[in-house]
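Contents: one structure, followed by commentary.
Computed from a predicted model, the values in this text were never measured in an experiment.
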Amino acid sequence: MADIRQKYISLIQNRSEENKKALTLLFSQGLFGNCVSILRQELDSFIRVMYLGRISDFDERERMMNQTLSGEKWTVLTSNNKWKQITDKDMVEKANEFYGYIQYVYKFGCASIHLSDFHNYTAQNPFEKLNDTEKYDIKNYLNTYHNYPIEKELTVENISDYIPNVFEKISSNLTCYFSSILNNRMIEM
């Protein structure tokens with residue numbers, strides 16, 4: 001069974017390595033919308049590890065990891081004895097218990113993956129679509145972890161230099177939790 005855990009972590013490590021290379025290339029070309037898409041992919045791995053780390057039934061954890069390795073979607077048995085697909089929203093809510101910024105990076109990242117007005121970020125500021133609380137939380141996260149000036153307006157241009165650091169923060173946080181998954185330990189708050 002440890003083999004399943006190691007294969008799962010190796011899959012994530014391979015994805016992260018490729019994400020890092022892609023981010024470096026995209027960033028060097030000023031393709032910031034695609035950089036945010038890469039952040040979203042890294043965050044996807046992070047929320048999956050966080051979700052798994054909150055499951056105390058280690059056999060259930062491994063079943064879900066095996067679903068990934070078999071190309072299946074994650075499912076959970078409901079109280080009605082029916083299988084329900086676990087959604088990204090379910091995982092984001094669980095990960096957000098630890099890291100409040102996840103929902104904002106995730107939401108913004110989704111806008112860069114799906115065709116949306118975000119892709120017009122050179123002509124229109126996509127942060128204007130966020131409410132004041134969301135903008136404050138993003139600024140606060142960037143200020144706390146990356147020294148972004150709190151008084152500075154949120155624009156893609158203004159945050160672009162912070163993208164590699166945000167990626168590194170997500171990636172290093174992700175790596176911190178690998179041992180919990182590999183050694184059947186819970187991820188605690």
Side-chain angles (χ1 to χ4, degrees), residues 1-26 33-116 118 141 145 163-189:
M1 290 297 202
D3 189 42
I4 289 171
R5 294 189 304 264
Q6 184 57 58
K7 284 180 181 177
Y8 184 79
I9 295 301
S10 292
L11 179 70
I12 292 174
Q13 288 171 322
N14 292 339
R15 183 186 198 190
S16 289
E17 186 177 314
E18 186 171 310
N19 283 345
K20 186 173 186 169
K21 289 177 184 176
L23 184 84
T24 301
L25 291 170
L26 293 166
N34 284 304
C35 288
V36 174
S37 296
I38 298 296
L39 287 178
R40 164 60 169 75
Q41 288 180 40
E42 195 71 3
L43 193 59
D44 180 73
S45 296
F46 182 79
I47 65 170
R48 289 172 190 283
V49 167
M50 294 302 294
Y51 190 89
L52 287 173
R54 300 296 293 148
I55 297 172
S56 59
D57 180 343
F58 301 128
D59 290 334
E60 176 66 2
R61 260 193 208 180
E62 290 193 11
R63 182 190 69 78
M64 293 170 72
M65 285 184 255
N66 204 36
Q67 282 182 308
T68 297
L69 296 171
S70 300
E72 300 170 37
K73 302 275 186 188
W74 283 1
T75 56
V76 64
L77 194 58
T78 68
S79 57
N80 298 339
N81 268 351
K82 297 193 183 221
W83 289 103
K84 174 196 170 286
Q85 183 174 323
I86 297 170
T87 65
D88 286 356
K89 183 178 187 262
D90 297 330
M91 290 184 279
V92 167
E93 285 175 4
K94 188 62 71 178
N96 210 49
E97 292 173 5
F98 292 98
Y99 296 97
Y101 67 87
I102 287 175
Q103 65 186 340
Y104 304 117
V105 176
Y106 192 84
K107 178 180 178 180
F108 206 70
C110 284
S112 68
I113 288 175
H114 307 297
L115 184 60
S116 70
F118 173 85
Y141 163 78
Y145 294 104
I163 290 172
N165 295 335
V166 172
F167 176 86
E168 190 55 41
K169 179 76 173 158
I170 294 167
S171 187
S172 64
N173 284 343
L174 172 62
T175 301
C176 287
Y177 295 114
F178 286 162
S179 66
S180 295
I181 301 301
L182 288 169
N183 297 305
N184 278 339
R185 291 193 313 256
M186 293 290 293
I187 296 176
E188 301 296 335
M189 293 174 109

Strictly distance-based, threshold 3.5 Å: is any side-chain N or O of Ser172 a donor or acceptor partner for the main-chain N or O of Lys169?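 Flag set: sc Ser172 to bb Lys169 pair under 3.5 Å.
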
Can any side-chain N or O of Ser70 pair as donor or acceptor with the backbone N or O of Glu72 at less than 3.5 Å? no

Looking at every non-hydrogen atom in both residues, tell me the closest pair between [X] and [Y] and how far apart they are.
X: Pro164; Y: Leu23; value: CA-CD2, 3.9 Å
X: Met186; Y: Ile55; value: SD-O, 3.5 Å
X: Val49; Y: Phe178; value: CG2-CE2, 4.4 Å
X: Ala22; Y: Ile38; value: CB-CD1, 4.0 Å

Just verifying a value: how many Å separate [X] [atom1] and [Y] [atom2], rounded to the nearest 0.5 Å?
X: Gln67; Y: Ile4; atom1: CD; atom2: CD1; answer: 11.0 Å
X: Asp3; Y: Glu62; atom1: CG; atom2: CD; answer: 9.5 Å
X: Ser56; Y: Asn184; atom1: OG; atom2: CG; answer: 11.0 Å
X: Leu182; Y: Tyr8; atom1: CG; atom2: OH; answer: 11.5 Å
X: Leu43; Y: Arg48; atom1: CG; atom2: CZ; answer: 11.0 Å
X: Gln13; Y: Leu174; atom1: CD; atom2: CG; answer: 8.5 Å

Test item: side-chain donor near acceptor, [X] and [Y], under 3.5 Å:
X: Asn19; Y: Ser16; value: no
X: Glu42; Y: Ser171; value: yes
X: Arg63; Y: Thr75; value: yes
X: Gln6; Y: Ser10; value: yes

Begin from the C-alpha positions of Asp57 and Arg61 and carry the test salt bridge (charged side-chain N to carboxylate O under 4.0 Å, His left out) through to its verdict. CA-CA 6 Å; Asp57 180 343; Arg61 260 193 208 180; over 6 Å; no

Compare all side-chain heavy atoms of [X] with those of [Y] and state whether any distance is below 4.5 angstrom.
X: Phe46; Y: Ile12; result: no
X: Ile163; Y: Glu168; result: no
X: Met50; Y: Tyr177; result: yes
X: Val76; Y: Met64; result: no
X: Tyr141; Y: Val166; result: yes

Looking at Asp44 and Arg15, is there a salt bridge between them, counting it only when a charged N and a carboxylate O are closer than 4.0 Å?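 Looking at Asp44 together with Arg15, the answer is yes, because their closest N to O distance falls below 4.0 Å.
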
Do the side chains of Glu17 and Lys20 get close enough for a salt bridge, i.e. N-O under 4.0 angstrom?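 Result for this pair is no, no salt bridge flagged.
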
Between Met65 and Ile181, is a side chain to side chain contact (heavy atoms under 4.5 Å, CB included) present by the stated rule, with each step listed? CA-CA 10 Å; Met65 285 184 255; Ile181 301 301; 3.9 Å; yes

Walk me through it: do Leu52 and Trp74 pass the test side chain to side chain contact (heavy atoms under 4.5 Å, CB included)? CA-CA 11 Å; Leu52 287 173; Trp74 283 1; 3.5 Å; yes

From the list Lys84, Lys73, Arg54, salt bridge (Lys or Arg N to Asp or Glu O under 4.0 Å) with Asp90 holds only for Lys84

Once side-chain contact (heavy atoms from CB on, under 4.5 Å) is applied, do any residues pair with Asn165, and if so which ones, sequence neighbours excluded?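 Applying side-chain contact (heavy atoms from CB on, under 4.5 Å) to Asn165 gives His146.
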
If the condition is side chain to side chain donor-acceptor pair (under 3.5 Å), which residues does Arg185 pass it with, not counting sequence neighbours? Ser179

